[in-house]
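Worksheet for the structure shown next.
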Amino acid sequence: MRNILRLTASFPKRLTVAAFSLVALLSSTAVLMAEEEAEGGSLNPLQSWRTDLALWTLVVFLLLLAVLWKFAFGPIAKALDSREQAMLDKINNAERANADAKELLNQYQQKLTDSEQEVRQILADAKEQANRISEGIVASAKAAAEEEHQKALKEIAAASDNAQAELAAKSAELATSLAGKILKQRIKPEDHAGLIQGALNEFSKD
Amino acid sequence: MDGKLIDPAEVGAHVSDSNSFHLPEFLGGHIELPSIHICGDFYLQITKFMVIELAAALILIALFVPLAYKIKSGKPVRGRFWNLLEVFLLYLRDSVIYPSIGKKNAKPYVPFLWTIFFFILLCNLGGMLPWCGSPTGSLAVTAVLAGVTYCVVIGGGMVKQGVFKYWAHQVPKMDLPGPLAIFLKPMIFAIEVIGNLIKHLVLAIRLLANMFAGHVVLAVFLAFISGTASVLWLWPFVTAGSLGMSLALSCLELFVAFLQAYIFTFLAALFIGMAQHQH
C-alpha cells in the first residue's frame, strides 16, 4: 500500500485519480453490464432513457427559467448594468471635478501672481510718486528760499545805496557848509545849491 | 453476495434514478415516492431525481430572488453570502458569457446561461449529499438541458440573422462552379446542421458521463467494503483504502460538479456566440 502511495505521489494527482477512475469505471461498468444483460434491466446511462423524467426536467427548467428571469436574473442583470453605469458616471464626474479643481487652482495661482505683480507695481509707482513729490517740494522750497535771498540782497543793496546817497548828501552838505563857513559867506544859497548838485553828480559818477 | 465482489444492482441503486428515497431508519427509512394520476391511463411516477430537481429549482429561487431585491437599488450588496453569489454571477457574465457572445449581443442570454449554470451545478451537487443523487447523471435530464440550449442557439441565430439567412449561412461561402455547387452545397448544409446537433448531443453526453462515472466510481469503491466483508483478514485494509479513496474522489467530484456546470455554460455561450455571426 505504501509503495502504491509513493508511486502515485510522484504522478500528477489529477492524472492519477483520472487513471484510477478510468480503470475502476471500465471494470465496474463491465461487471455492471454483464449483470444487466443477465437481469434484462439496464444500468447503462445511455440506455436508461426516461421520458417522464425528461418531461419533468423540461417543465421544471422552463418554469425555473421563467421565474428567475422575471424575479431574479432579469432584475439582477439590470441592476448590475445600472450599477456599472453609475460607477462609470461617478468616475467620470470625479475626473471632471478633479480637472475643474486643477483649472481653478491654476486660475487662482495666476490671479495671485498677477495681484502680486500689481501690488509690486503699485508700490513702485507710489514710491516714485512720493520721490517726485518730495523732490518738487524741495525744489520749490529751494526756489522760494533763493527768491527770498535775492529779494533780501536787493533790499540790502537798495538800503545801502540809499544810505550811501544820504551819506553823500549829508557829507556834501556838511562839506559845503564847512567850505562855506571857510569862505565866509561869499557864496549865496543859490550858489550853494549849485555846488551841491555839482558835487552830487561827481559823486554819483564814481 | 454469492461469490461476487460487487453487486451491480447495489452500485446502480446509488447512481441511477429510483422511485424511492432510501434513508437511514431514524430519518424514516425507505420512502416510496407517489405515483400521481394525471388523466385517464396516465400516471406520473415521481422519482428521486424529480424531487431533487424540484428542490434545486426551489433553492435557486430562494437564493436569487432575495438577491435581486437586495441588488435592485443599484448599491453593492452587503454580507459575505450575497457577495459570493454576486461573484459567481459577475464571473460568469464577464469572463464566460461576454467574451463568448460579445457584450453587445450577450445581454438577452445572460439570464438563461445563469439559470443553466446554477441548475446544473445544484443538480451535480445533489450527488454530494447523502441519500440524494445527481439528476445530471441521467440522460433524460442532460438531453433536455442540451435540447433547450440547442433551441436557444438556433432561435438566437434566427432572431439575429433572420430565419432564411441563418440557415443559408450554415453553408460557408465558397467559389464553386455551378454543377459542383448543386451537388456539394446540400451535403455541406446537411453536415453543418448535423454537426451542430451532434455538438449539442455531446454537450449532454459529456455532462452525463462525468456525473455518472464519478458516482459509479464512488459507489464501486464503497461497494468494495461490503464485497470483502466475508474475508476477515482483507476487510480492514480494503475498508481503509476504500474510505480514503472515496474521500479523495468526493473532493474530485465536488470539483467536477463545478467544472462541468462551468463547461456546459461556457460551451452553450460559445454555441450561442457562433450562431450570432455568419461563418
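Note on naming: letters A, B, ... go to the chains in the order of the sequence lines (proteins, then strands), and numbering restarts at 1 for each one.
Side-chain contact between B/P135 and A/T57 is absent, with no heavy atoms from C-beta onward closer than 4.5 Å. B/V110 is not listed as a side-chain neighbour of A/F73, based on a closest heavy-atom distance of 4.5 Å or more. B/F119 places a side-chain heavy atom less than 4.5 Å from the side chain of A/L64.
For chain A, the nearby parts of B/L60 are the backbone and the side chain; heavy atoms of each come within less than 4.5 Å. Proximity to chain A is absent for every atom of B/K70, based on heavy atoms less than 4.5 angstrom apart. Looking at B/L44, only its side chain comes within 4.5 Å of chain A, counting heavy atoms on both sides. If you measure heavy-atom distances from B/A57 to chain A, the contacts under 4.5 Å come from both the backbone and the side chain. In this structure, the portions of B/I116 lying under 4.5 Å from any heavy atom of chain A include both its backbone and its side chain. No part of B/L58 comes within reach of chain A, as not one of its non-hydrogen atoms sits under 4.5 angstrom from that chain.
Taken from CG in B/L90 to CD1 in A/I76, the straight-line distance is 10.0 Å, to the nearest 0.5 Å. Note that the CG atom of A/L62 and the OG1 atom of B/T115 stand 10.5 Å from one another [nearest 0.5 Å]. Taken from CD in B/E53 to CG in A/L58, the straight-line distance is 10.5 Å, to the nearest 0.5 Å. Put simply, OG1 on B/T47 and CG on A/D52 are 6.5 Å apart, with the number rounded to the nearest 0.5 Å.
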Test side chain to side chain contact (heavy atoms under 4.5 Å, CB included) on A/W56 and B/V144 and set out the steps.
CA-CA 10 Å; A/W56 176 272; B/V144 164; over 6 Å; no

Under the side chain to side chain contact (heavy atoms under 4.5 Å, CB included) rule, what do A/F61 and B/V141 come out as? Steps first, then yes or no, please.
CA-CA 10 Å; A/F61 181 76; B/V141 176; over 6 Å; no

For B/M50 and A/V59, run side chain to side chain contact (heavy atoms under 4.5 Å, CB included): C-alpha distance rounded to whole Å, both residues' side-chain angles, the deciding distance at 0.1 Å, then the answer.
CA-CA 11 Å; B/M50 292 181 186; A/V59 171; over 6 Å; no

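Residues of residues 83-109 of chain A placed with any heavy atom under 4.5 Å of a heavy atom in chain B are listed by number as A/R83, A/E84.
With sequence neighbours excluded, no residue forms a side-chain hydrogen bond (donor to acceptor under 3.5 Å, both in side chains) with B/Y150. For A/W49, the side-chain hydrogen bond (donor to acceptor under 3.5 Å, both in side chains) criterion is met by A/T51, not counting sequence neighbours. With sequence neighbours excluded, no residue forms a ring-ring contact (aromatic ring centres under 6.0 Å, His included) with B/Y98.
Summarising the geometry of B/A68 relative to A/P75, their closest heavy-atom pair is CB-CB, 4.2 Å, with the distance given to 0.1 Å. Here the closest non-hydrogen pair linking A/W69 and B/P108 is CH2-O, 3.0 Å.
Chain A forms the most heavy-atom pairs under 4.5 Å with one residue out of B/L208, B/T142, B/L218, and that residue is B/L208. Ranked by heavy-atom pairs shorter than 4.5 Å toward chain A, the options B/P76, B/A56, B/P66 are led by B/P76.
A 6.0 Å sphere centred on CD of A/E147 holds no more than 12 heavy atoms belonging to other residues, nucleotides or ligands.
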